[in-house]
Amino acid sequence: MQQTFARCVAAVATGALLVLSAPAFAQSDSTHDHDHDHSEEHDHSEKHDHGDDKVYNGYFEDDQIEDRTLSDWEGDWQSVYPLLQDGTLDPVMAHKAEHGDKTAAEYTDYYQTGYATEVDRILIEGDSVTFFENGTPLQGRYANDGYEVLTYKAGNRGVRYIFEKSGGDAGAPAFIQFSDHAIAPQDAGHFHLYWGDDRAKLLEEVTNWPTYYPAELSGEDVAEEMMAH
């Protein structure tokens, strides 16, 4: 999915899923018919260091959810999309094929859509989030806008932590939404990020979920992290 940053922002507003608002917002329900709930992004048949596996896999109670601050995602982050395109993640796709229901080529196609983004780097410092497209920065300042709990077709759930732009470049997205399989404060090891100008439509996105790992990791390190999960 080759596109400018502006088009990438707009593209993150399609899809459908059932949304159950978190306590901070009015309750609302709608139905989704898409199978993607991030469960395919990691091999959950293996043990991994993410604390409670039930929570990581999307099974938790509402009273377990806690608010989080932008500091949980602070750091310099790289998109994994270039690593998929250049073949670095081929071993990950092969690994998934050994444990899943798709061929390696089918997994590659699936993640070509999921990981697609022109924003290859994100820098988060304090309340500042800077998006880099081909080395060109676009910066916004963001304030906490609560969270939303999403219920997926498979029955498991996820939490989107949401931040609204309070200043910065005019072209920076009005909202950013983090998903990293956690439901309480902790430093993220990686995350999926959704961004755009329509808060509600972003919550419906289930087909494109740009994914970021620490910038200091090599491509091989990222692949190893993915296969360890």
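Count residues from 1 along the sequence. Nothing here was measured: the structure is a model prediction, and the numbers come from that model.
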Measure across [X] and [Y] and return the closest heavy-atom pair with its distance rounded to 0.1 Å.
| X | Y | value |
| --- | --- | --- |
| Val80 | Leu89 | O-CD1, 3.9 Å |
| Ala97 | Thr103 | CB-C, 3.9 Å |
| Thr117 | Val119 | OG1-N, 3.0 Å |
| Gly135 | Pro137 | O-CD, 3.5 Å |
| Pro173 | Gly196 | CB-N, 3.6 Å |
| Glu216 | Asp76 | OE1-O, 4.4 Å |

[X] side chain to [Y] main-chain N or O, any donor-acceptor pair under 3.5 Å?
| X | Y | value |
| --- | --- | --- |
| Asn208 | Thr113 | yes |
| Glu205 | Thr207 | yes |
| Asn144 | Phe163 | no |

* Check ring pair (Phe, Tyr, Trp, His ring centres under 6.0 Å) between Phe175 and all other residues, then give those that pass, not counting sequence neighbours. =>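 Ring pair (Phe, Tyr, Trp, His ring centres under 6.0 Å) check on Phe175 returns nothing, list empty.
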* Phe132: ring pair (Phe, Tyr, Trp, His ring centres under 6.0 Å) partners, not counting sequence neighbours ->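 With neighbours one apart ignored, the set is empty.
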State which residues pass side-chain contact (heavy atoms from CB on, under 4.5 Å) with [X]; sequence neighbours excluded, sorted by chain then number.
| X | value |
| --- | --- |
| Glu61 | Asp63, Gln64 |
| Pro91 | Met227 |
| Asp90 | none |

Find out whether [X] and [Y] are in side-chain contact, i.e. whether some heavy atom of one side chain is under 4.5 Å from a heavy atom of the other.
| X | Y | answer |
| --- | --- | --- |
| Tyr142 | Asp127 | no |
| Pro185 | Glu66 | yes |
| Arg157 | Tyr59 | no |
| Met93 | Leu84 | yes |
| Glu225 | Val222 | no |
| Asn57 | Asn156 | no |
| Glu118 | Glu133 | yes |
| Ile162 | Ile176 | no |

* To do: If the plane angle is over 60° it's perpendicular, under 30° parallel, otherwise tilted; pick one for Tyr147 and Tyr161.
  =>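 Plane angle between 30° and 60°, so tilted.
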* Parallel, tilted or perpendicular: ring planes of His192 versus His181, cut at 30 and 60 degrees ->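 It falls in the perpendicular class, over 60°.
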* To do: Using the side-chain contact (heavy atoms from CB on, under 4.5 Å) rule, take Thr130 and Ile122 through it: C-alpha gap first, then chi angles, then the decisive distance, then the call.
  => CA-CA 6 Å; Thr130 305; Ile122 293 178; over 6 Å; no
Please name all residues satisfying side chain to side chain donor-acceptor pair (under 3.5 Å) with [X], sequence neighbours left out, ordered by chain then number.
| X | result |
| --- | --- |
| Gln139 | Ser128 |
| Asp169 | none |
| Ser166 | none |
| Asn134 | none |

* Can you name the salt bridge (Lys or Arg N to Asp or Glu O under 4.0 Å) partners of Asp72, sequence neighbours left out? ->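 Asp72 satisfies salt bridge (Lys or Arg N to Asp or Glu O under 4.0 Å) with Arg68 only.
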* **Non-neighbouring partners of Asp67 that pass salt bridge (Lys or Arg N to Asp or Glu O under 4.0 Å), sequence neighbours left out** =>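 Listed in chain order: nothing, the list is empty.
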* Asked: Taking Tyr212 as the fixed residue, which of Phe191, Trp77, Phe131 is the one that meets the ring pair (Phe, Tyr, Trp, His ring centres under 6.0 Å) rule?
  ->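 Only one of Phe191, Trp77, Phe131 forms a ring pair (Phe, Tyr, Trp, His ring centres under 6.0 Å) with Tyr212, namely Phe191.
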* Say whether Asp187 and Trp73, considering side chains only, have a donor N or O and an acceptor N or O under 3.5 Å apart. =>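 Side-chain D/A pair, Asp187 to Trp73: absent.
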* Asked: Do Gln177 and Ser179 meet the criterion of a side-chain donor-acceptor pair at a distance under 3.5 Å?
  ->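 Absent: no donor and acceptor within the cut-off.
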Can [X] and [Y] be counted as an ion pair, charged N to O under 4.0 angstrom?
| X | Y | answer |
| --- | --- | --- |
| Lys165 | Asp197 | no |
| Arg199 | Glu148 | yes |
| Asp109 | Lys102 | no |

* **Residue from Val92, Asp221, Leu83 passing side chain to side chain contact (heavy atoms under 4.5 Å, CB included) with Met226** =>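 Considering Val92, Asp221, Leu83, a side chain to side chain contact (heavy atoms under 4.5 Å, CB included) with Met226 is found only for Val92.
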* Asked: Out of Leu217, Thr211, Asp120, which residue meets the side chain to side chain contact (heavy atoms under 4.5 Å, CB included) rule with Gln78?
  ->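 Single side chain to side chain contact (heavy atoms under 4.5 Å, CB included) partner of Gln78 among Leu217, Thr211, Asp120: Leu217.
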* **Phe178/Trp195 aromatic ring centres below 6.0 Å** =>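 No.
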* Aromatic contact, Trp209 with Tyr81 (centres under 6.0 Å) ->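 No; Tyr81 has its ring centre 6.0 Å or more from that of Trp209.
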* **Asp101 and Lys96: CA distance, side-chain angles, deciding distance, salt bridge (charged side-chain N to carboxylate O under 4.0 Å, His left out) verdict** => CA-CA 8 Å; Asp101 58 359; Lys96 290 179 179 294; over 6 Å; no
* Asked: Mind checking whether Leu138 and Leu123 sit in one hydrophobic cluster, side chains of I, L, V, M, F, W, Y counted as touching below 4.5 Å?
  ->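 As far as the 4.5 Å side-chain criterion goes, Leu123 and Leu138 are not connected within one cluster.
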